[in-house]
Protein chains: 2
Amino acid sequence: MTRSHFASMNCAVAHTLDVIGEWWTLLIIREAFYGARRFAQFQRNLGIARNILTVRLRKLVETGVLERVPVRPGAKRYEYRLTEMGLEVLPILVALMQWGDRWMLGTDKAPVRVIDRATGNEVPQVRLLAEDGRPLGPEDLSVVPGPGADRASRLRFRAAGRAAARAARAG
Amino acid sequence: MTRSHFASMNCAVAHTLDVIGEWWTLLIIREAFYGARRFAQFQRNLGIARNILTVRLRKLVETGVLERVPVRPGAKRYEYRLTEMGLEVLPILVALMQWGDRWMLGTDKAPVRVIDRATGNEVPQVRLLAEDGRPLGPEDLSVVPGPGADRASRLRFRAAGRAAARAARAG
DNA sequence: GAAATAAGTTGCATTACGCAACCATTTGTG
DNA sequence: CACAAATGGTTGCGTAATGCAACTTATTTC
């Protein structure tokens, strides 16, 4: 009946998706990175229904991804700004964009490019790297229970497990 | 009326979300990384409704994120495996997990840890890095039109623009 | 060869979402 | 200051998406 909430799962991915994984939400955050601050900017740039935008913005503010501040001290008109929590969504967004460029559109058809202003070059692919800079693929990883693992998770990810590797050896 | 499709937007993030941004989909991919292959495994581990799982798996196979292969040559029972396209979702998943560990749960309560098998250490934070290894924040980036930009995108992201930086200077 | 499991499908109830109209508060213009 | 327009929503209603449970058909297991 009720649409499932992921937050009750013992999984950080699920908790994250519960906050930023709803329909439209990541695009709203994208717009914030592109410089949008006002309700009407988000609405025009995305073409989102206004009531849905209201609900999404409210939730993002409650969660702390955005903050709602008066346009001018004392004003009753507000704008929405990324908090530190929101700014840290950037790697997720760029990873999503790069994946789409590569697998959905083709790199030669990328609608936007994200540029390192210091060099003018495109930002390199977001990858998993070890401390020494070695790139890490699924076969290099193990998944083990963390300090917050519940009983089920501990059973599932015994120390010996190497789940990601198992997926990688699918062939 | 019809729930909006993001694929018509001139944006790689939107195209990506259209494929892996639906409710449950990223958790299904997470399960695949954890080693799940069979319908019942996904269903039990996630507690997802079976009809929804059917629809999601079908779409992921159509898109090419998963492939549906006979359990045994000639068998009529199938399993789902990550393709190369699917394996490349890994940085997105890990970034989501790390964000949730940090901002939702607290790092000391992480349900699972992703380990570099070569060293036994936890995989470092996924970040934007320049070619020389310099970490890049929002203030270091510009967003400019790419080769596939439509008219509206070109107007919006003139070469002079520095959208991400604008968001970062919100204070 | 009977029972159990796997992998769905179908029907119905509930929730989420899109559209358009409405409203109250600023902001701009003469 | 009067008046119009823009801003930032809210409300009501119809459609699409999701959850639950029961049913179906292969495939294993005993």
Side-chain angles (χ1 to χ4, degrees), chain A residues 1-9 14 17-29 31-32 35-63 66-81, chain B residues 1-9 14 17-29 31-32 35-63 66-81:
Chain A
M1 307 225 178
T2 311
R3 178 176 184 172
S4 344
H5 275 246
F6 295 156
S8 60
M9 298 182 184
L17 291 176
D18 222 35
V19 172
I20 64 174
E22 281 178 308
W23 210 236
W24 286 111
T25 298
L26 271 163
L27 294 181
I28 291 170
I29 297 174
E31 281 304 311
R37 291 189 186 175
R38 305 289 286 264
F39 186 93
Q41 285 182 297
F42 289 104
Q43 203 274 316
R44 270 198 307 268
N45 293 342
L46 291 172
I48 184 177
R50 308 163 71 86
N51 50 351
I52 303 302
L53 179 57
T54 301
V55 173
R56 292 291 183 275
L57 287 174
R58 186 156 25 224
K59 179 166 180 182
L60 287 171
V61 169
E62 277 169 15
T63 315
L66 298 176
E67 56 180 348
R68 185 167 179 267
V69 295
V71 173
R72 217 179 9 258
K76 278 184 180 169
R77 196 144 292 183
Y78 298 90
E79 62 182 26
Y80 300 88
R81 296 181 187 173
Chain B
M1 308 219 176
T2 312
R3 179 174 184 174
S4 342
H5 275 245
F6 296 155
S8 61
M9 296 182 184
L17 291 176
D18 223 34
V19 173
I20 64 173
E22 281 179 309
W23 210 237
W24 287 112
T25 298
L26 271 163
L27 294 181
I28 291 169
I29 297 173
E31 282 304 311
R37 291 189 186 174
R38 304 287 287 264
F39 186 93
Q41 285 182 296
F42 289 104
Q43 204 272 318
R44 271 197 308 267
N45 293 342
L46 292 171
I48 183 177
R50 309 165 72 84
N51 50 351
I52 303 301
L53 179 57
T54 301
V55 173
R56 291 290 183 278
L57 288 174
R58 182 149 37 218
K59 179 166 180 182
L60 287 170
V61 169
E62 277 169 15
T63 315
L66 299 177
E67 57 180 347
R68 186 167 180 266
V69 295
V71 173
R72 213 179 13 255
K76 278 184 180 169
R77 196 144 293 181
Y78 298 91
E79 61 182 26
Y80 301 89
R81 297 181 186 174

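Atoms considered below: every heavy atom in the structure, side chains included; atoms not considered: hydrogens, waters and symmetry mates. Protein chains get the first letters and strands the later ones, always in sequence-line order, with residue 1 at the start of each.
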Below 4.0 Å: OP1/OP2 of [N] and any side-chain N or O of [X]:
| X | N | result |
| --- | --- | --- |
| B:S4 | C:dC17 | no |
| A:W24 | C:dG18 | yes |
| A:R68 | D:dG9 | yes |

Do any of residues 52-60 of chain A sit with a heavy atom less than 4.0 Å from DNA chain D, and if so which?
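When residues 52-60 of chain A is checked for heavy atoms under 4.0 Å from DNA chain D, the hits, listed by number, are A:T54, A:R58.
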Could you check whether the rings of A:Y80 and A:F42 sit parallel, tilted or perpendicular, using 30° and 60° as the cut-offs?
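A:Y80 vs A:F42 ring planes: perpendicular.
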Starting from P on C:dT15, measure out to CD on A:E22 and report it in whole angstrom.
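Rounded to the whole Å, the gap is 15 Å.
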In this structure, how many angstroms lie between the C1' atom of D:dT28 and the CZ atom of B:R38, rounded?
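Roughly 10 Å, once rounded to whole Å.
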Nearest heavy atom decides the nucleotide; on that basis, is B:A40 or A:A49 closer to the 5' end of DNA chain C?
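The answer here is B:A40.
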Note the angle between the end axes of the helix from C:dG1-D:dC30 to C:dG30-D:dC1, five pairs defining each, rounded to 10 degrees.
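Overall, the helix from C:dG1-D:dC30 to C:dG30-D:dC1 bends by 30° from one end axis to the other.
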The side chain of B:R72 is closest to which nucleotide in this list: D:dT28, D:dG19, C:dC19?
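Looking only at side-chain atoms, B:R72 lies closest to D:dT28.
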Under 4.0 angstrom, heavy atoms only, what part of the nucleic acid is A:F42 near: base, sugar-phosphate, or nothing?
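The answer is nothing, as A:F42 stays clear of every strand by at least 4.0 Å.
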Can you give one letter per nucleotide of nucleotides 20-25 of chain C, going 5' to 3': B for a protein heavy atom under 4.0 Å from the base, S for sugar-phosphate only, - for none?
-----B
